[in-house]
Q: 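Before anything else, here's the structure in question.
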There are 2 protein chains.
Amino acid sequence: MSPAELDQLTSEWLDKLQESGYRRTDRCEAIVRAILASPRAMDPMELFDEARKDIPRLGLVTVYRTIQKLADLGLVERLHQEEGCHRVLPATQGHQHFLVCSSCGTVTYFAGDNLAGLFETIAAQTGFEIQEHWLQLFGLCPACRPA
Amino acid sequence: MSPAELDQLTSEWLDKLQESGYRRTDRCEAIVRAILASPRAMDPMELFDEARKDIPRLGLVTVYRTIQKLADLGLVERLHQEEGCHRVLPATQGHQHFLVCSSCGTVTYFAGDNLAGLFETIAAQTGFEIQEHWLQLFGLCPACRPA
DNA sequence: CCTGATCTTGAAAATCGTTTTCATTTTATT
DNA sequence: AATAAAATGAAAACGATTTTCAAGATCAGG
């Protein structure tokens with residue numbers, strides 16, 4: 001993403017926040033930019049370090065609060081992890097699934113169209129009414145695979 | 001499961017722990033029995049409350065340590081949750097996936113045979129080498145579905 | 001069955017990620 | 001500018017989990 005595209009997208013997200021009644025602040029802008037600029041899913045502390053390059057007096061609390069707002073508006077999705085903290089990603093259209101590189105953390109999305117049929121089968125077999133699903137794959141991305 | 005079957009299985013688990021160099025203790029037995037006796041996935045605090053009916057002076061720390069040992073031996077699997085703590089389930093043969101009732105917590109397993117093909121497709125499309133996957137479904141079990 | 005080496009235990013404190021509280025500063029509106 | 005509402009940072013609180021450490025239990029060898 002070019003610097004101009006990053007500015008553009010950052011501004012769009014701030015517009016959406018504003019439309020929802022939130023205010024436009026420098027802290028929020030720095031955090032949004034850090035999320036959008038990274039090809040990786042970042043955890044709150046990483047976002048904090050990144051955004052503090054713009055706003056040295058930023059508090060970690062503000063990062064948590066901003067993530068919450070963005071998640072409420074559906075602009076980011078949270079990626080669950082085995083241990084410790086979660087990571088934050090720009091949300092894509094519709095429900096997507098994650099493919100996470102266990103070496104460098106790069107995240108790729110994939111659509112789970114094929115899954116609908118599987119879920120119907122499972123629902124029929126078990127009698128459950130399926131409401132939600134979590135699918136995350138872990139592996140090595142092309143760059144991290146041994147040659 | 002009948003009381004006799006529960007005793008039998010509990011004893012088998014303690015045998016396995018012992019074979020791996022762990023000692024046979026009353027605390028461990030109470031915790032193992034609580035895990036095996038429940039049809040639900042229990043979190044550490046629930047296991048603590050349950051096992052304390054047998055061993056009133058049990059410490060919560062011991063519950064955590066015992067879960068860790070059981071997980072190391074592959075006797076239990078941990079079920080991830082959106083918020084807060086995780087839950088513990090007796091592990092089944094091979095890799096299984098969970099179907100969790102969001103109302104009563106009952107857990108059903110299902111095999112993900114159909115998934116292998118999907119994962120191959122995704123690997124081919126993305127260039128990732130897939131190492132591990134997490135699939136958990138949430139919904140309402142037959143008993144909790146509105147009639 | 002003693003006896004020591006080693007493992008296990010419980011209480012308390014420490015840790016880690018996250019949330020709450022509250023007084024102060026900013027923002028958007030008048 | 002003046003005001004009401006929301007955003008902020010520091011510090012404290014929080015919940016789940018882990019570590020520390022001294023005391024207790026288990027197991028192997030004599």
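We name chains A, B, ... by the order of the sequence lines, and we start the count at 1 in each one. These numbers were taken from a predicted model, which means no experiment stands behind them.
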Q: Figure out the CG/P separation between L17(B) and dC27(D), and round it to whole Å.
A: 12 Å
Q: What pair of heavy atoms forms the shortest contact from W134(B) to Q81(A), and how long is it?
A: CH2-C, 3.8 Å
Q: Any side-chain heavy atom of V63(B) within less than 4.5 Å of one from R27(B)?
A: no
Q: Which ones in residues 36-56 of chain B lie close to DNA chain D, meaning a heavy atom under 4.0 Å from one of its atoms?
A: P44(B)
Q: So how far is it from L79(B) CG to L89(B) CG, rounded to the nearest 0.5 Å?
A: 5.5 Å
Q: Return the residues of residues 8-16 of chain A meeting this criterion: a heavy atom under 4.0 Å from some atom of DNA chain C. Order them by number, or give none.
A: none
Q: The criterion is salt bridge (charged side-chain N to carboxylate O under 4.0 Å, His left out); which residues satisfy it with E120(A), sequence neighbours excluded?
A: none
Q: At their closest point, which heavy atom of G74(B) faces which heavy atom of A91(B), and how far apart are they?
A: O-CB, 3.3 Å
Q: Separation of L60(A) atom CG from dT18(C) atom P, in whole Å?
A: 9 Å
Q: Is the shortest distance from a Lys or Arg side-chain nitrogen in D72(A) or K69(A) to a carboxylate oxygen in the other one below 4.0 Å?
A: no
Q: Does dT18(D) have OP1 or OP2 under 4.0 Å away from a side-chain N or O of Y64(B)?
A: no
Q: Can you tell me the distance, in whole Å, between the CD1 atom of I67(A) and the C1' atom of dT19(C)?
A: 13 Å
Q: Check R78(B) against A71(B) and note the closest heavy-atom contact, atom names and distance.
A: NH2-CB, 3.7 Å
Q: Using only atom types and a distance under 3.5 Å, with no angle test, would you say the side chain of R33(B) pairs donor to acceptor with the backbone of L6(B)?
A: no
Q: What's the verdict on salt bridge (Lys or Arg N to Asp or Glu O under 4.0 Å) for K16(B) and E12(B), showing C-alpha distance, side-chain angles and the deciding distance?
A: CA-CA 6 Å; K16(B) 284 183 187 156; E12(B) 283 174 21; 5.3 Å; no
Q: Looking only at atom types and distance, does a side-chain atom of S38(B) sit under 3.5 Å from a main-chain N or O of R40(B), one as donor and one as acceptor?
A: yes
Q: I need the minimum non-hydrogen distance between F128(A) and T106(B), along with the two atoms involved.
A: CZ-O, 4.4 Å
Q: Is there any protein nitrogen or oxygen under 3.5 Å from a nitrogen or oxygen in nucleotides 10-12 of chain D, and what are the pairs?
A:
none

Q: I need the minimum non-hydrogen distance between L60(A) and F48(A), along with the two atoms involved.
A: N-CE1, 3.3 Å
Q: Mind listing the closest non-hydrogen atom pair of C101(B) and C141(B) along with its distance?
A: SG-N, 3.3 Å
Q: Figure out the NE2/C1' separation between H80(B) and dA16(D), and round it to whole Å.
A: 16 Å
Q: side-chain contact (heavy atoms from CB on, under 4.5 Å) between C28(B) and L14(B): does it pass, once the steps are laid out?
A: CA-CA 8 Å; C28(B) 192; L14(B) 291 173; 4.0 Å; yes
Q: What do the steps show when you test F119(A) against L137(B) for side-chain contact (heavy atoms from CB on, under 4.5 Å), and what is the final call?
A: CA-CA 9 Å; F119(A) 294 164; L137(B) 304 185; 3.5 Å; yes
Q: Would you sort out whether L140(A) and Q131(B) count as a side-chain contact (heavy atoms from CB on, under 4.5 Å), showing the intermediate values?
A: CA-CA 7 Å; L140(A) 292 176; Q131(B) 297 170 320; 3.5 Å; yes
Q: Tell me, for nucleotides 24-30 of chain C in 5' to 3' order, what letter each nucleotide earns: B for a base near a protein heavy atom under 4.0 Å, S for only sugar-phosphate near one, - for neither?
A: --BBS--
Q: In this structure, how many angstroms lie between the C1' atom of dT18(C) and the CZ atom of R87(A), rounded?
A: 16 Å
Q: Round to the nearest Å and state the distance from K69(A) atom NZ to dT18(C) atom P.
A: 18 Å
Q: Which pairs, protein N/O on one side and nucleotides 1-3 of chain C N/O on the other, fall under 3.5 Å?
A:
none

